[in-house]
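In this text the structure is predicted, and so the values were computed from the model without any measurement.
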Amino acid sequence: MKRLFSIVGLLILTVAIAGAQAAPKKVLTQAKLDKFLADLPKISKDLEKFAEKYDQDIGMGNPELAESFSQFTVPDVAAMFKAIQADAQVKALLAKYGWSDFWEVYGAVLSGYFLVTFEDIAAQMNSAEFTKAVEKSKAEYNKDDYQLVKKNQAKIAALFESLE
């Protein structure tokens, strides 16, 4: 399951940040973020039954491939992510928890969390190039969502750590 969410997370980050051409859409509210934080452990546990199916679809059953995420291309991961989103059983599971926009919220939280984390790292690294890259990505992310994720950074970090 960790592998599935790691791959999905990488795709979400890639798509959410690289795909943002227009003004970044606001996705999060404190209430939505709180619901996400409360529901994600239960949803993750329920989604584990789909991990084997999608691991096989993308070759994660192969130990050599599982060792190296670098072999996955963005189109490979994008195809898997679209398949997960389109899966009727996954949709039904998310609806059970009252989610119609789970993946959008998941992407906003994960992308924001990566931005906040990378911004912290950039401050410690004292690297102009890394700081510039982080600032460029940050400019393509909704400012209100960013502030909400930053405000809740410790809760989000604790949640992600608990899922590992």
Side-chain angles (χ1 to χ4, degrees), residues 1-51 54-55 58 60 66 69-70 72 74 77-78 80-82 84-85 87 90-91 93-127 130-164:
M1 186 64 193
K2 253 193 323 191
R3 287 177 289 176
L4 176 65
F5 276 106
S6 295
I7 293 168
V8 171
L10 291 173
L11 171 69
I12 290 169
L13 181 63
T14 301
V15 172
I17 293 174
Q21 299 298 324
K25 177 182 173 187
K26 180 175 175 19
V27 174
L28 302 174
T29 63
Q30 187 64 55
K32 195 173 276 196
L33 179 59
D34 290 343
K35 179 175 174 35
F36 175 81
L37 296 173
D39 289 350
L40 186 60
K42 297 176 278 189
I43 291 172
S44 294
K45 185 173 171 79
D46 285 348
L47 285 174
E48 284 180 12
K49 63 185 168 191
F50 298 99
Y54 289 103
D55 282 354
I58 62 165
M60 288 299 286
F69 287 125
S70 65
F72 292 109
V74 170
V77 178
M80 183 199 65
F81 185 63
K82 283 183 181 184
I84 292 168
Q85 284 185 306
D87 190 302
V90 171
K91 285 181 180 180
L93 180 129
L94 295 173
K96 175 179 108 174
Y97 289 97
W99 284 100
S100 61
D101 59 349
F102 175 81
W103 297 112
E104 183 178 37
V105 171
Y106 186 87
V109 171
L110 191 63
S111 297
Y113 181 70
F114 278 127
L115 282 172
V116 169
T117 301
F118 288 144
E119 188 174 51
D120 291 346
I121 293 169
Q124 295 172 8
M125 285 179 55
N126 197 23
S127 165
F130 191 70
T131 300
K132 184 178 176 181
V134 171
E135 289 302 316
K136 182 178 184 220
S137 294
K138 189 175 165 186
E140 296 171 351
Y141 185 79
N142 183 278
K143 289 177 171 84
D144 293 332
D145 286 354
Y146 174 83
Q147 290 303 320
L148 195 56
V149 169
K150 189 165 182 76
K151 175 183 163 189
N152 291 274
Q153 181 179 7
K155 287 194 283 188
I156 296 167
L159 173 68
F160 288 151
E161 288 172 19
S162 76
L163 294 176
E164 290 181 3

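- One distance of note links CG of L47 with CG of L94; it measures 6.0 Å at 0.5 Å rounding.
- Under the salt bridge (Lys or Arg N to Asp or Glu O under 4.0 Å) criterion, D34 pairs with K155, not counting sequence neighbours.
- More than 12 heavy atoms of other residues, nucleotides or ligands lie within 6.0 Å of NZ in K26, so this atom counts as buried by the packing criterion.
- Residues V149 and A108 share a closest heavy-atom pair of CG2-O, 4.4 Å.
- With sequence neighbours left out, K143 forms a salt bridge (Lys or Arg N to Asp or Glu O under 4.0 Å) with no residue at all.
- The shortest non-hydrogen separation linking L159 to P41 is CD1-CG, 3.4 Å.
- Taking each heavy atom of A139 and P24 in turn, the nearest pair found is O-CG, 3.9 Å.
- Closest of all the heavy-atom pairs between D120 and Q153 is OD2-NE2, 3.1 Å.
- Centroid-to-centroid, the aromatic rings of F102 and Y97 stay 6.0 Å apart or farther.
- If you take OG1 on T29 and CG on L148, they are separated by 7.5 Å, rounding to the nearest 0.5 Å.
- Listed by chain and residue number, F160 satisfy the ring-ring contact (aromatic ring centres under 6.0 Å, His included) test with Y113 (two or more places apart in sequence, or in another chain).
- K151 is linked by a side-chain contact (heavy atoms from CB on, under 4.5 Å) to Q30, counting only residues two or more places apart in sequence or in another chain.
- The side-chain contact (heavy atoms from CB on, under 4.5 Å) test applied to D101 returns K32, W99, E104, V105, not counting sequence neighbours.
- Taking 4.5 Å as the limit, some side-chain heavy atom of F130 sits within range of a side-chain heavy atom of F118.
- Taking the side chain as every heavy atom from C-beta outward, L28 and V109 approach each other to under 4.5 Å.
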Hey, mind stepping through W103 and V90 against side-chain contact (heavy atoms from CB on, under 4.5 Å) and telling me if it holds?
CA-CA 11 Å; W103 297 112; V90 171; 4.0 Å; yes
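- K150 is linked by a salt bridge (Lys or Arg N to Asp or Glu O under 4.0 Å) to E119, counting only residues two or more places apart in sequence or in another chain.
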